[in-house]
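So the structure is just underneath, and the comments pick up after that.
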Amino acid sequence: MYCTECGEKLTLMFKQDEGLVPYCKACGEYRFPRFATAVSMVVTNRNKDKILLAKHKNNDDYILFAGYIKKGETAEKAVTREFKEETRLDTVKFKYMGSRYHEPKNILMLNFLIVAENGEPVPDLNELTEVKWFSFEQALETIRKDSTAETFLKNALIEIKKL
């Protein structure tokens with residue numbers, strides 16, 4: 001890790017009430033890690049009996065819909081924008097479900113359960129190769145095991161079954 005201000009190598013130093021925090025000796029400042037924030041979406045249809053998953057370019061796995069939050073944008077706006085960009089479908093409603101830090105990509109993922117407008121999704125071929133509706137059981141079998149996506153999907157299915 002390096003200082004984002006001067007480029008000096010950071011060392012871990014104890015900070016009261018914070019624990020070990022990266023510290024820049026050259027600047028004399030603590031440098032809390034920065035990371036991107038993105039939305040992740042578990043998409044269901046209006047009947048709440050199917051889950052929509054996508055395949056991204058250069059990836060054979062079906063995954064949840066996701067996208068980065070742009071500067072100045074709210075998470076709620078990112079949900080509706082990203083889903084529409086990737087499928088050409090509107091979001092009828094959505095509910096925030098929780099968050100999880102995704103270490104492999106250094107991203108804080110904010111997960112939403114969304115209900116999609118009826119219609120056939122049209123994948124954005126710049127990002128996706130395929131979108132497909134799955135039954136709940138098929139979605140659970142298809143999504144990568146022990147992944148952030150699987151955790152979000154399982155939580156969403158519990159919520160859907162309550163409705």
With [X] via side chain to side chain contact (heavy atoms under 4.5 Å, CB included) - residues at least two apart:
X	answer
Asn118	Arg46
Lys162	Ile158, Glu159
Glu86	His56, Phe65, Glu82, Glu127, Leu128

Cluster link Leu108 to Phe32, ILVMFWY, side chain under 4.5 Å: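 No.
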Common cluster, Phe94/Val92, ILVMFWY with side-chain heavy-atom separation under 4.5 Å: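 No, separate clusters.
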Under 3.5 Å side-chain donor-acceptor pair for Thr151 and Arg100: yes
Would you say Gln138 and Ser135 are linked by a side-chain donor-acceptor pair, where the criterion is simply a distance under 3.5 Å?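 Ser135 vs Gln138: donor-acceptor pair found between side chains.
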Going from [atom1] on [X] to [atom2] on [Y], what distance comes out if it is rounded to the nearest 0.5 angstrom?
X	Y	atom1	atom2	answer
Asn45	Asn47	CG	CG	5.0 Å
Ile69	Glu76	CD1	CD	8.5 Å
Tyr101	Asn106	OH	CG	3.5 Å
Lys55	Lys132	NZ	NZ	8.0 Å

Measure across [X] and [Y] and return the closest heavy-atom pair with its distance rounded to 0.1 Å.
X	Y	result
Tyr30	Phe14	OH-O, 3.0 Å
Cys3	Cys6	SG-N, 3.4 Å
Tyr2	Gly7	CD2-O, 3.4 Å
Lys50	Thr44	O-OG1, 2.9 Å
Thr74	Lys77	OG1-N, 3.0 Å

Donor-acceptor pair, distance only, cut-off 3.5 Å: does the side chain of [X] make one with the backbone of [Y]?
X	Y	value
Asp124	Asn126	yes
Thr80	Thr91	no
Thr129	Leu125	no
Asn111	Gly98	no

May I have the list of side-chain donor-acceptor pairs in residues 19-26 shorter than 3.5 Å, sequence neighbours left out?
none

Apart from Ile63 itself, what residues make up its hydrophobic cluster when side-chain heavy atoms of I, L, V, M, F, W and Y under 4.5 Å apart count as a link, directly or indirectly? none
Can you list, by chain and residue number, the hydrophobic cluster partners of Leu157 when the side-chain cut-off is 4.5 Å? Val42, Ile51, Leu53, Tyr62, Leu64, Tyr68, Met97, Ile107, Met109, Leu113, Phe134, Phe136, Leu140, Ile143, Phe152, Leu153, Ile160
Has Glu18 got more than 12 heavy atoms of other residues, nucleotides or ligands less than 6.0 Å from its CD?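 For Glu18, atom CD is crowded (more than 12 foreign heavy atoms under 6.0 Å).
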If you draw a 6.0 Å radius around NZ in Lys93, do more than 12 non-hydrogen atoms from other residues or ligands fall strictly inside?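 At most 12 heavy atoms, drawn from other residues, nucleotides or ligands, come within 6.0 Å of this atom.
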Any non-hydrogen side-chain atom of [X] less than 4.5 Å from a side-chain atom of [Y]?
X	Y	result
Val39	Met41	yes
Phe83	Leu52	yes
Thr37	Leu110	yes

Walk me through it: do Lys48 and Lys161 pass the test side chain to side chain contact (heavy atoms under 4.5 Å, CB included)? CA-CA 9 Å; Lys48 298 180 184 76; Lys161 291 175 182 178; over 6 Å; no
Would Asp90 and Lys84 pass as an ion pair if we require N to O under 4.0 Å? yes
